[in-house]
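For reference, the structure discussed in these notes is given below.
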Number of protein chains: 2
Amino acid sequence: MDKNKLPVKKDMAMDELDFAMLAFLQQDGRTSFTVIAEKLNVSVGTVRTRFNRLLEEGILSIIGRVDPAKVGFHCYAHIAVFVRPATLKETVAKKIARLPEVSFLAGTSGDYDLEVDVMCRDNDHLQTFINKVAAIEGVHQTKTAIYFKVYKYAPPDLDLLKAE
Amino acid sequence: MDKNKLPVKKDMAMDELDFAMLAFLQQDGRTSFTVIAEKLNVSVGTVRTRFNRLLEEGILSIIGRVDPAKVGFHCYAHIAVFVRPATLKETVAKKIARLPEVSFLAGTSGDYDLEVDVMCRDNDHLQTFINKVAAIEGVHQTKTAIYFKVYKYAPPDLDLLKAE
DNA sequence: AAACTTTTCTGCAAAAAATGTATTTTTAAT
DNA sequence: ATTAAAAATACATTTTTTGCAGAAAAGTTT
């Protein structure tokens, strides 16, 4: 397999072999080096070296994904947070990030300032959480929406990077 | 280790041992059965049996998580989709779900009908994507917001289920 | 409550996979 | 072309997983 550099960040270049490995691991994070090596026609050692580099660089991480609904999180919600004065945004973000219910937190370019996605046991738990957020200094308003039905939840499609 | 049933869905009961295993695997999906067994004071066989059950039930999956930004997705955005007439919601959802850029798609209780999160290479790619969505029959309006800074991206915190 | 059934856990041997290291091959630079 | 550096390979060793068979626990039935 040849290694044509792909148009990624210059400092950490990745070739086709890396991407091929990622493709396997995205599907099953426990795929053995042996199997990957066979499928890609390289030695086990090569796969191992590459794998470790990908981990070290933080490009890849192997995690056990737990289905939230199946273990008891029956309420997945989206909270739009309006911060005032705007200068408090970072401070507020840091405080919200600490709450364990928060699965995603980001600053956006939209109407509101911060987006908070939370996993709660139930509506009761959610309400308690919202109150906690509302009590934070700088939180001016919140708008909550519940995710009724999740149609898709997928990892990034690496093919989008190859074919342009 | 004793197995006090925890308040999860009745049909697939999980005990403390299962949760302890999940906790390990959430951190490192490649943790060997041997290590888990030692830490939890059970036999390797037990860990294996439980592990397989968790996989089969879809409670757990081991995946290689790829850092989108590091491989070339420099634009993570949020698109609010308004569907009209409302009856087309499911149809529209199915069509959007097929697009490879979509990492998350859900129906919400908020102002808009569908929330679409997308991973794109750059703003250009994003714009092309938005046009594709806008062209779908039933899509009345879209509002896009870019995630400027992601403060947190975390798996569900299982401790929230134990202590209530 | 004893006898029986089912499920879960354990222990051990065999197979498979990962690791450590020395060597070869490839790549890049002068 | 020559040489230096980086990456890939091969193979012996260690570790982990897998496949069962037997033991222990939990749950039923009478």
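Just so we're on the same page: letters track the sequence lines, and every chain starts at 1.
Rounded to whole Å, the distance from CG on L17(B) to P on dA25(D) is 16 Å. In this structure, I36(B) atom CD1 and dT17(D) atom C1' are separated by 13 Å, rounded to whole Å. Protein atom CG of D15(B) is 17 Å distant from nucleotide atom P of dT7(C), rounded to whole Å. Across the protein-nucleic acid pair, F51(A) atom CZ and dA8(D) atom P stand 16 Å apart, rounded to whole Å. For the pair N41(B) CG and dT10(C) P, the computed distance is 10 Å after rounding to whole Å.
Contact between the side-chain N/O atoms of R50(A) and the OP1/OP2 oxygens of dA8(D) is found at a separation under 4.0 Å. The phosphate of dA7(D) has neither OP1 nor OP2 within less than 4.0 Å of any side-chain N or O from R53(A). Listed pair S43(A) / dA8(D) fails the phosphate criterion, with no side-chain N or O lying under 4.0 Å from OP1 or OP2. At the phosphate of dA7(D), neither OP1 nor OP2 sits under 4.0 Å from any side-chain N or O atom of T46(A).
P68(A) approaches P156(B) most closely through the heavy-atom pair CG-CG, 4.3 Å. Shown here for G29(B) and R30(A), the closest heavy-atom pair between the two residues is O-NE, 3.0 Å.
Within the 4.5 Å cutoff, the side chain of V47(A) has no heavy atoms near those of the L40(A) side chain. D15(B) has its side chain within reach of D18(B): a pair of non-hydrogen atoms, C-beta onward, lies under 4.5 Å apart.
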Can you give each donor-acceptor pair under 3.5 Å made by side-chain atoms of residues 79-106 of chain A, sequence neighbours left out, with the distance rounded to 0.1 Å?
residue, atom, partner, partner atom, Å
E90(A), OE2, Y151(B), OH, 2.8
E101(A), OE2, H125(A), NE2, 2.9
S103(A), OG, D117(A), O, 3.3

For nucleotides 17-21 of chain C, print each protein N/O atom paired with a nucleotide N/O atom at under 3.5 Å, atom names and distance only.
residue, atom, partner, partner atom, Å
dA18(C), OP1, F33(A), N, 3.2
dA18(C), OP2, F33(A), N, 3.0
dA18(C), OP2, T34(A), N, 3.1
dA18(C), OP2, T34(A), OG1, 3.0
dG20(C), N7, R48(A), NH1, 3.1
dG20(C), N7, R48(A), NH2, 3.1
dG20(C), O6, R48(A), NH2, 3.4

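Among pairs with a residue in residues 24-65 of chain A, those fulfilling ring pair (Phe, Tyr, Trp, His ring centres under 6.0 Å) read F33(A)-F51(A), at least two apart in sequence or across chains.
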